[in-house]
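First the proteins, then the strands, lettered A, B, ... as listed; each starts at 1.
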Protein chains: 2
Amino acid sequence: MELEASVRLAALAEPTRLRIVGLLGEGTCCVCDVRDAVDVAPNLLSYHLRVLREAGLVSATRRGRWIDYRLDPDGFEVLWAQLAEAGIPLPGAPAEVSTCTVRTEEGP
Amino acid sequence: MELEASVRLAALAEPTRLRIVGLLGEGTCCVCDVRDAVDVAPNLLSYHLRVLREAGLVSATRRGRWIDYRLDPDGFEVLWAQLAEAGIPLPGAPAEVSTCTVRTEEGP
DNA sequence: CCATGACTTCAACGTTGGTTGAATCAATGG
DNA sequence: CCATTGATTCAACCAACGTTGAAGTCATGG
């Protein structure tokens, strides 16, 4: 797990990139399609795609003039695994009735 | 859903805060306990806790001199719901064999 | 071969975010 | 009431991030 969980989370923690990931989750692929759906300048779109690529959440392949982007399922799996290991409550986890370890009588 | 998913994600997308959330997931509560586990200056810790609080991931109550922090399960549930709605592949979701909508013959 | 289209890279800018040190607030104890 | 302890707030700083405009690739088509 060369990549920190926070890197992947930071990649997702931006509205435009989150929308892009949502789009790619539906199978949209070439950059121009993404550009039509997400209204940003092409160079800015490239930047955001690069962030997602470097975070391992997305991969790209050239097809003639065009470059297709798709989600990288492995990246997401690794992310969720890292969060689970860090003790973050993921969906489907027990509600965890928050038993406080602190002594409630006279403080630490 | 008054709060954007990106706000909650950004709150998690920082190593120190991710560690704090992990600790609170185990039930650690008062700020001084967190401070012992996460080696940061008290004022900086306050800052990070405030970010988590404003993201709705954590809640606090005063107990005498001390202030106890705990995870807010609702905040996490809302986050996962928002991500699911945005089309982000969550853990337990089907691997989604990435069917590309783009025509593979002659581009867009 | 040059023009065009798709996309990326580079350099610069303004804003945001994490960090620090000093000051402040809240609650207890002498 | 004042000193002390736990925790927060404030002001200032520097680095990182998102944004923009111009220049640069890479592949196709006239």
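- Side-chain proximity of B/Asn43 to the nucleotides C/dC7, C/dA22, C/dG17 is greatest for C/dA22.
- Between the A/Arg8 side chain and the A/Ala55 main chain, a donor and an acceptor come within less than 3.5 Å of each other.
- Atom C1' of nucleotide D/dC17 and atom CG of A/Leu12 are separated by 16 Å, given to the nearest angstrom.
- The distance from atom CH2 of B/Trp66 to atom P of D/dT4 is 17 Å, rounded to the nearest whole Å.
- Checking A/Val51 against B/Arg62, the closest nucleotide of DNA chain D that is more toward the 5' end is the one next to B/Arg62.
- Rounded to whole angstrom, the span from the CZ atom of A/Arg53 across to the P atom of C/dT8 amounts to 6 Å.
- Atom pair A/Glu54:CD and D/dC17:P shows a separation of 10 Å (rounding to whole Å applied).
- Considering only the side chain of A/Arg17, D/dG18 comes nearest among C/dC7, D/dG18, C/dT19.
- Donor-acceptor pairing under 3.5 Å is recorded for the side chains of A/Arg70 and A/Thr61.
- Note: CG (B/Leu44) to P (D/dC13) measures 18 Å, nearest angstrom.
- Contact annotation for B/Ile67: backbone-only contact, meaning every heavy-atom pair under 4.0 Å involves sugar-phosphate atoms and none involves a base.
- Rounding to whole angstrom units, CG of residue A/Leu52 and P of D/dC17 are separated by 14 Å.
- The distance from atom CG of B/Asp68 to atom P of C/dA27 is 14 Å, rounded to the nearest whole Å.
- In this structure, A/Arg35 reaches neither bases nor backbone, as no heavy-atom distance under 4.0 Å exists between it and the strands shown.
- For D/dT8, one of the phosphate oxygens OP1 or OP2 lies less than 4.0 angstrom from a side-chain nitrogen or oxygen of B/Tyr69.
- DNA chain C is contacted by both B/Arg65 and A/Leu45; A/Leu45 maps to the nucleotide lying nearer its 5′ end (nearest heavy atom per residue).
- Between the side chain of A/Glu26 and the backbone N or O of A/Thr28, no donor-acceptor pair lies under 3.5 Å.
- The closest donor-acceptor contact from the side chain of B/Gln82 to the backbone of B/Leu3 lies under 3.5 Å.
- Rounded to the nearest 0.5 Å, atoms CZ (A/Arg17) and CG (A/Leu45) are 11.5 Å apart.
- As a whole-Å value, the separation of B/Arg50 CZ from C/dG17 C1' is 12 Å.
- The phosphate of D/dT19 has OP1 or OP2 within less than 4.0 Å of a side-chain N or O from A/His48.
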